[in-house]
Colleague: 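Have a look at the structure that comes next, please.
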Amino acid sequence: MKKEIAKARAYANIAIAKYWGKRDESVNLPIFDSLAFNVADLYSETTARWVDEGEDSLTIDNWSVPPSLMGRTLRILDAIRHEKSWSKRCILESTNNFPRATGLASSSSGSAAMALAASWAAGLDLSESELSVLARLGSGSAARSIPGGWTRMSAGSDPLGSDAFAHSIAPADHWDLSVFVVKISTLPKAVSSTEAMRTCVKSPFWEAYVEASQEMAKRVEVAVLRRDFPSFAKLCHESCLMLHALSLSAGICYFEPESIAILQRVLRQSTAIPVCCTLDAGANVVILCERMVRPFMLNDIMGMGLDYVETRVGGGAELIKC
Ligand code: PMV
(Lines give C-alpha, C1' and ligand atoms only; values in the text may rest on other atoms or scores of the structure.)
Protein backbone atom coordinates (compact mmCIF):
# COMPACT_ATOMS: atom_id res chain seq x y z
CA MET A 1 0.00 0.00 0.00
CA LYS A 2 1.47 3.42 -1.00
CA LYS A 3 1.67 5.87 1.95
CA GLU A 4 1.92 9.64 2.07
CA ILE A 5 2.76 10.92 5.52
CA ALA A 6 3.41 14.22 7.36
CA LYS A 7 3.47 15.48 10.96
CA ALA A 8 2.61 18.97 12.16
CA ARG A 9 2.49 20.91 15.42
CA ALA A 10 0.09 23.76 16.18
CA TYR A 11 -0.31 25.81 19.33
CA ALA A 12 -3.56 26.41 21.17
CA ASN A 13 -4.78 29.99 20.97
CA ILE A 14 -6.64 31.99 23.58
CA ALA A 15 -8.95 34.74 22.40
CA ILE A 16 -8.86 38.21 23.92
CA ALA A 17 -11.68 39.43 21.62
CA LYS A 18 -13.79 36.28 21.63
CA TYR A 19 -15.53 34.58 18.74
CA TRP A 20 -18.99 33.44 19.86
CA GLY A 21 -21.75 32.93 17.29
CA LYS A 22 -21.77 31.52 13.76
CA ARG A 23 -23.30 32.86 10.56
CA ASP A 24 -22.97 29.36 9.05
CA GLU A 25 -22.46 26.44 11.40
CA SER A 26 -21.69 23.94 8.61
CA VAL A 27 -18.37 25.67 7.83
CA ASN A 28 -17.83 27.59 11.10
CA LEU A 29 -18.27 31.09 9.73
CA PRO A 30 -18.18 33.62 12.55
CA ILE A 31 -20.53 36.59 12.94
CA PHE A 32 -17.77 39.03 13.89
CA ASP A 33 -13.96 39.23 13.91
CA SER A 34 -11.95 37.84 16.83
CA LEU A 35 -8.41 38.33 18.09
CA ALA A 36 -6.20 35.85 19.94
CA PHE A 37 -2.65 34.87 20.79
CA ASN A 38 -1.00 31.48 20.40
CA VAL A 39 0.21 29.85 23.62
CA ALA A 40 3.87 28.79 23.39
CA ASP A 41 3.64 25.72 25.63
CA LEU A 42 0.23 24.24 24.82
CA TYR A 43 0.27 22.33 21.58
CA SER A 44 -1.12 19.43 19.55
CA GLU A 45 0.93 17.26 17.25
CA THR A 46 -0.78 15.34 14.47
CA THR A 47 0.52 12.73 12.05
CA ALA A 48 -1.48 12.23 8.88
CA ARG A 49 -1.06 9.25 6.58
CA TRP A 50 -3.04 8.86 3.36
CA VAL A 51 -3.70 5.29 2.29
CA ASP A 52 -5.40 3.74 -0.72
CA GLU A 53 -7.79 1.51 1.22
CA GLY A 54 -9.61 1.29 4.57
CA GLU A 55 -11.44 3.95 6.56
CA ASP A 56 -10.58 7.43 7.84
CA SER A 57 -9.52 7.17 11.47
CA LEU A 58 -8.44 9.52 14.25
CA THR A 59 -6.88 8.85 17.63
CA ILE A 60 -6.44 11.65 20.15
CA ASP A 61 -4.05 10.80 22.98
CA ASN A 62 -4.60 7.10 22.14
CA TRP A 63 -8.40 7.45 22.30
CA SER A 64 -10.02 6.16 19.11
CA VAL A 65 -12.56 8.77 18.07
CA PRO A 66 -15.82 6.96 17.15
CA PRO A 67 -17.18 7.55 13.60
CA SER A 68 -20.15 9.46 15.09
CA LEU A 69 -17.72 12.13 16.40
CA MET A 70 -15.64 12.39 13.22
CA GLY A 71 -17.77 15.16 11.61
CA ARG A 72 -15.29 18.03 12.05
CA THR A 73 -12.40 15.87 10.91
CA LEU A 74 -14.25 14.71 7.80
CA ARG A 75 -14.87 18.32 6.78
CA ILE A 76 -11.09 18.85 6.63
CA LEU A 77 -10.36 15.52 4.94
CA ASP A 78 -13.22 15.90 2.43
CA ALA A 79 -11.96 19.35 1.42
CA ILE A 80 -8.52 17.85 0.72
CA ARG A 81 -10.04 14.90 -1.18
CA HIS A 82 -12.05 17.37 -3.25
CA GLU A 83 -8.95 19.43 -4.05
CA LYS A 84 -6.97 16.31 -5.00
CA SER A 85 -9.88 14.63 -6.82
CA TRP A 86 -9.01 11.37 -5.07
CA SER A 87 -10.77 9.01 -2.69
CA LYS A 88 -7.89 8.02 -0.43
CA ARG A 89 -8.48 7.57 3.30
CA CYS A 90 -6.51 9.26 6.05
CA ILE A 91 -5.12 7.83 9.26
CA LEU A 92 -4.65 10.57 11.85
CA GLU A 93 -2.85 10.28 15.17
CA SER A 94 -2.98 13.32 17.41
CA THR A 95 -1.50 14.09 20.81
CA ASN A 96 -1.98 17.10 23.09
CA ASN A 97 0.49 18.13 25.78
CA PHE A 98 -2.46 19.47 27.85
CA PRO A 99 -5.98 18.24 28.73
CA ARG A 100 -8.40 18.37 25.82
CA ALA A 101 -11.92 19.87 25.75
CA THR A 102 -11.51 21.79 29.00
CA GLY A 103 -11.66 25.30 27.58
CA LEU A 104 -7.96 25.39 26.77
CA ALA A 105 -8.58 25.44 23.05
CA SER A 106 -7.42 21.92 22.20
CA SER A 107 -9.83 21.96 19.25
CA SER A 108 -7.98 24.99 17.87
CA SER A 109 -4.53 23.41 18.03
CA GLY A 110 -5.83 19.96 17.05
CA SER A 111 -7.68 21.08 13.93
CA ALA A 112 -4.83 23.39 12.86
CA ALA A 113 -2.21 20.63 13.21
CA MET A 114 -4.54 18.26 11.35
CA ALA A 115 -5.12 20.71 8.48
CA LEU A 116 -1.38 21.28 8.00
CA ALA A 117 -0.34 17.61 8.32
CA ALA A 118 -3.13 16.18 6.15
CA SER A 119 -2.79 18.78 3.37
CA TRP A 120 1.00 18.50 3.27
CA ALA A 121 0.84 14.68 3.27
CA ALA A 122 -1.56 14.96 0.31
CA GLY A 123 1.06 16.97 -1.58
CA LEU A 124 -0.77 20.32 -1.28
CA ASP A 125 1.42 23.32 -0.52
CA LEU A 126 -1.30 25.69 0.73
CA SER A 127 -0.79 29.36 1.56
CA GLU A 128 -1.25 30.52 5.17
CA SER A 129 -4.74 31.86 4.45
CA GLU A 130 -5.78 28.67 2.63
CA LEU A 131 -4.56 26.61 5.59
CA SER A 132 -6.42 28.88 7.99
CA VAL A 133 -9.64 28.35 5.99
CA LEU A 134 -9.04 24.57 6.02
CA ALA A 135 -8.40 24.53 9.79
CA ARG A 136 -11.58 26.60 10.34
CA LEU A 137 -13.64 23.74 8.92
CA GLY A 138 -12.61 21.68 11.97
CA SER A 139 -13.16 24.43 14.52
CA GLY A 140 -13.76 28.17 14.11
CA SER A 141 -11.00 29.16 16.50
CA ALA A 142 -8.50 26.79 14.77
CA ALA A 143 -8.17 29.30 11.93
CA ARG A 144 -6.19 31.45 14.41
CA SER A 145 -3.70 28.66 15.28
CA ILE A 146 -2.21 28.68 11.77
CA PRO A 147 -0.45 32.11 11.74
CA GLY A 148 2.01 32.97 14.54
CA GLY A 149 1.86 35.34 17.51
CA TRP A 150 -1.15 37.64 17.75
CA THR A 151 -3.79 36.73 15.20
CA ARG A 152 -6.97 38.33 13.97
CA MET A 153 -9.69 36.27 12.39
CA SER A 154 -11.90 38.01 9.83
CA ALA A 155 -15.55 37.10 9.82
CA GLY A 156 -15.55 37.77 6.07
CA SER A 157 -18.65 38.12 3.94
CA ASP A 158 -18.33 35.36 1.32
CA PRO A 159 -21.12 32.81 1.96
CA LEU A 160 -18.58 30.04 1.23
CA GLY A 161 -16.05 31.49 3.70
CA SER A 162 -13.12 32.11 1.32
CA ASP A 163 -12.41 35.41 3.18
CA ALA A 164 -12.97 34.06 6.72
CA PHE A 165 -9.43 33.33 7.86
CA ALA A 166 -6.87 34.59 10.36
CA HIS A 167 -3.71 36.59 9.80
CA SER A 168 -0.93 37.62 12.15
CA ILE A 169 -1.13 41.23 13.36
CA ALA A 170 2.11 40.98 15.37
CA PRO A 171 4.76 38.28 15.91
CA ALA A 172 5.16 36.30 19.14
CA ASP A 173 7.98 38.55 20.41
CA HIS A 174 6.06 41.79 19.78
CA TRP A 175 5.09 42.23 23.45
CA ASP A 176 6.91 40.72 26.40
CA LEU A 177 3.96 39.47 28.44
CA SER A 178 3.86 36.68 31.00
CA VAL A 179 1.06 34.19 30.59
CA PHE A 180 -0.16 31.84 33.31
CA VAL A 181 -2.57 29.08 32.36
CA VAL A 182 -4.29 28.13 35.59
CA LYS A 183 -5.66 24.59 35.48
CA ILE A 184 -8.83 24.34 37.49
CA SER A 185 -10.54 21.41 35.87
CA THR A 186 -9.24 18.67 33.61
CA LEU A 187 -12.75 17.29 33.05
CA PRO A 188 -14.25 17.79 29.56
CA LYS A 189 -16.71 20.71 29.49
CA ALA A 190 -20.38 19.79 29.81
CA VAL A 191 -21.56 21.94 26.88
CA SER A 192 -19.54 22.12 23.65
CA SER A 193 -18.92 25.61 22.27
CA THR A 194 -20.95 24.84 19.13
CA GLU A 195 -23.95 23.78 21.23
CA ALA A 196 -23.53 26.76 23.55
CA MET A 197 -23.36 29.21 20.64
CA ARG A 198 -26.58 27.69 19.28
CA THR A 199 -28.27 28.11 22.67
CA CYS A 200 -27.01 31.66 23.27
CA VAL A 201 -28.82 32.90 20.15
CA LYS A 202 -32.02 32.43 22.17
CA SER A 203 -30.86 34.69 25.01
CA PRO A 204 -32.76 37.99 25.37
CA PHE A 205 -29.32 39.67 25.35
CA TRP A 206 -28.12 38.11 22.07
CA GLU A 207 -28.56 41.13 19.82
CA ALA A 208 -26.99 43.52 22.31
CA TYR A 209 -24.08 41.08 22.67
CA VAL A 210 -23.47 40.93 18.90
CA GLU A 211 -23.62 44.69 18.59
CA ALA A 212 -21.18 45.23 21.46
CA SER A 213 -18.77 42.63 20.00
CA GLN A 214 -18.60 43.96 16.43
CA GLU A 215 -15.68 46.33 16.97
CA MET A 216 -13.95 44.38 19.73
CA ALA A 217 -11.22 42.75 17.61
CA LYS A 218 -10.34 46.08 15.98
CA ARG A 219 -10.07 47.77 19.39
CA VAL A 220 -7.94 44.96 20.84
CA GLU A 221 -5.70 45.08 17.76
CA VAL A 222 -4.99 48.78 18.38
CA ALA A 223 -4.19 48.07 22.06
CA VAL A 224 -1.85 45.18 21.15
CA LEU A 225 -0.03 47.13 18.46
CA ARG A 226 0.50 50.04 20.90
CA ARG A 227 1.35 47.68 23.76
CA ASP A 228 -1.22 49.64 25.71
CA PHE A 229 -1.85 47.35 28.68
CA PRO A 230 -4.60 49.37 30.45
CA SER A 231 -6.77 49.40 27.29
CA PHE A 232 -5.87 45.79 26.53
CA ALA A 233 -6.89 44.64 30.05
CA LYS A 234 -10.16 46.54 29.94
CA LEU A 235 -11.14 45.04 26.57
CA CYS A 236 -9.96 41.58 27.60
CA HIS A 237 -12.27 41.62 30.63
CA GLU A 238 -15.13 43.18 28.66
CA SER A 239 -15.10 40.49 25.95
CA CYS A 240 -14.70 37.60 28.41
CA LEU A 241 -17.34 38.83 30.85
CA MET A 242 -19.82 39.57 28.07
CA LEU A 243 -19.45 36.03 26.72
CA HIS A 244 -19.96 34.47 30.14
CA ALA A 245 -22.81 36.83 31.07
CA LEU A 246 -24.53 35.87 27.81
CA SER A 247 -23.91 32.16 28.45
CA LEU A 248 -25.29 32.45 31.99
CA SER A 249 -28.37 34.20 30.59
CA ALA A 250 -28.84 31.16 28.32
CA GLY A 251 -28.45 28.73 31.24
CA ILE A 252 -24.83 27.74 30.59
CA CYS A 253 -22.24 28.11 33.32
CA TYR A 254 -18.61 27.28 32.53
CA PHE A 255 -17.24 28.54 35.86
CA GLU A 256 -16.11 26.46 38.82
CA PRO A 257 -15.91 28.20 42.21
CA GLU A 258 -12.12 28.56 41.78
CA SER A 259 -12.64 30.29 38.40
CA ILE A 260 -14.77 32.94 40.10
CA ALA A 261 -12.27 33.33 42.95
CA ILE A 262 -9.41 34.01 40.52
CA LEU A 263 -11.53 36.23 38.30
CA GLN A 264 -12.57 38.35 41.28
CA ARG A 265 -9.00 38.59 42.52
CA VAL A 266 -7.53 39.56 39.12
CA LEU A 267 -10.31 42.09 38.46
CA ARG A 268 -9.40 43.78 41.74
CA GLN A 269 -5.64 43.60 41.10
CA SER A 270 -6.11 45.01 37.60
CA THR A 271 -7.16 48.37 39.02
CA ALA A 272 -3.66 48.74 40.47
CA ILE A 273 -1.23 46.63 38.42
CA PRO A 274 -0.90 45.53 34.74
CA VAL A 275 -2.69 42.19 34.92
CA CYS A 276 -5.83 40.75 33.34
CA CYS A 277 -7.42 37.37 32.81
CA THR A 278 -9.75 35.54 30.50
CA LEU A 279 -11.71 32.27 30.30
CA ASP A 280 -12.86 30.49 27.15
CA ALA A 281 -15.68 27.93 27.19
CA GLY A 282 -14.38 26.14 30.29
CA ALA A 283 -13.36 26.65 33.90
CA ASN A 284 -9.64 27.26 33.39
CA VAL A 285 -8.32 30.79 33.68
CA VAL A 286 -5.57 32.39 31.62
CA ILE A 287 -3.79 35.29 33.33
CA LEU A 288 -1.68 37.80 31.39
CA CYS A 289 0.58 40.39 32.94
CA GLU A 290 3.38 42.74 32.08
CA ARG A 291 6.82 41.29 32.82
CA MET A 292 7.52 43.72 35.69
CA VAL A 293 4.71 42.26 37.82
CA ARG A 294 5.55 38.63 37.01
CA PRO A 295 7.25 37.94 40.39
CA PHE A 296 4.23 39.32 42.24
CA MET A 297 1.73 37.30 40.17
CA LEU A 298 3.81 34.14 40.41
CA ASN A 299 3.88 34.49 44.18
CA ASP A 300 0.17 35.15 44.26
CA ILE A 301 -0.74 32.15 42.08
CA MET A 302 1.58 29.87 44.04
CA GLY A 303 0.16 31.25 47.29
CA MET A 304 -3.33 30.20 46.19
CA GLY A 305 -2.00 26.66 45.71
CA LEU A 306 -3.10 26.56 42.07
CA ASP A 307 -1.85 24.23 39.38
CA TYR A 308 -0.50 26.39 36.57
CA VAL A 309 1.74 26.51 33.51
CA GLU A 310 3.79 29.63 32.98
CA THR A 311 4.21 30.44 29.31
CA ARG A 312 4.27 33.24 26.71
CA VAL A 313 2.92 34.14 23.32
CA GLY A 314 3.85 31.46 20.79
CA GLY A 315 4.39 30.88 17.09
CA GLY A 316 2.34 29.47 14.25
CA ALA A 317 1.67 25.96 12.99
CA GLU A 318 4.72 24.13 11.69
CA LEU A 319 5.71 20.87 10.03
CA ILE A 320 7.91 18.60 12.12
CA LYS A 321 9.92 15.50 11.31
CA CYS A 322 7.93 12.27 11.40
O1 PMV B 1 -13.69 27.17 17.88
P2 PMV B 1 -14.61 26.72 18.93
O3 PMV B 1 -15.85 26.08 18.37
O4 PMV B 1 -13.93 25.84 19.92
O5 PMV B 1 -15.13 28.02 19.73
C6 PMV B 1 -14.26 28.83 20.46
C7 PMV B 1 -14.99 29.67 21.40
C8 PMV B 1 -14.16 30.41 22.44
O9 PMV B 1 -13.00 29.69 22.75
C10 PMV B 1 -14.97 30.57 23.71
C11 PMV B 1 -13.82 31.82 21.97
C12 PMV B 1 -12.70 31.93 20.97
O13 PMV B 1 -12.69 32.95 20.26
O14 PMV B 1 -11.80 31.08 20.94
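These numbers come from the heavy atoms of this one structure, side chains and all, not from hydrogens, waters or symmetry mates. Small disclaimer: the values here were computed from a predicted structure and weren't measured.
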Colleague: What's the shortest heavy-atom distance between Ala143 and Met153, and which atoms?
Modeller: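 Here Ala143 and Met153 meet closest at CB-SD, 3.4 Å.
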Colleague: Is it true that Arg198 and Glu25 have a side-chain N and a carboxylate O under 4.0 angstrom from each other?
Modeller: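 Here Arg198 pairs with Glu25 in a salt bridge, since their nearest N and O are under 4.0 Å apart.
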Colleague: Scan side-chain atoms only and decide if Thr194 and Lys22 contain a donor-acceptor pair under the 3.5 Å cut-off.
Modeller: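 Side-chain D/A pair, Thr194 to Lys22: present.
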Colleague: Could you verify whether a donor N or O on one side chain and an acceptor N or O on the other, from Asn28 and Arg136, lie under 3.5 Å apart?
Modeller: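 Note: Asn28 and Arg136 side chains miss the donor-acceptor criterion.
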Colleague: Working to the nearest 0.5 Å, report the span between SG of Cys240 and CG of Leu267.
Modeller: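 It is 8.5 Å, given to the nearest 0.5 Å.
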Colleague: Considering only NZ, NE, NH1 and NH2 on the basic side and carboxylate oxygens on the acidic side, decide whether Glu55 and Arg89 come within less than 4.0 Å.
Modeller: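 Between Arg89 and Glu55 there is no salt bridge, as every charged N stays at least 4.0 Å from the carboxylate O atoms.
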Colleague: Do Arg72 and Ser111 have side-chain N/O donor and acceptor atoms under 3.5 Å apart?
Modeller: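 Note: Arg72 and Ser111 side chains miss the donor-acceptor criterion.
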Colleague: Classify the side-chain pair Glu256/Ser259 by whether it contains a donor and acceptor separated by less than 3.5 Å.
Modeller: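 Ser259 and Glu256 do not have a side-chain donor-acceptor pair below 3.5 Å.
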Colleague: Check Lys218 with Glu215, please: is the shortest side-chain N to carboxylate O separation under 4.0 Å?
Modeller: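 Judged by the 4.0 Å cut-off on N to carboxylate O distance, Glu215 and Lys218 do form a salt bridge.
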Colleague: I want to know whether Trp20 and Phe205 have ring centres closer than 6.0 Å.
Modeller: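 No, the ring of Trp20 stays outside the 6.0 Å limit from the ring of Phe205, centre to centre.
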Colleague: Are the charged groups of Arg219 and Asp33 less than 4.0 angstrom apart, N to O?
Modeller: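 Answer for the salt bridge query: no.
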Colleague: To the nearest 0.5 Å, tell me how far Thr311 OG1 sits from Leu42 CG.
Modeller: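 Answer for the OG1-CG pair, Thr311 versus Leu42, is 6.5 Å.
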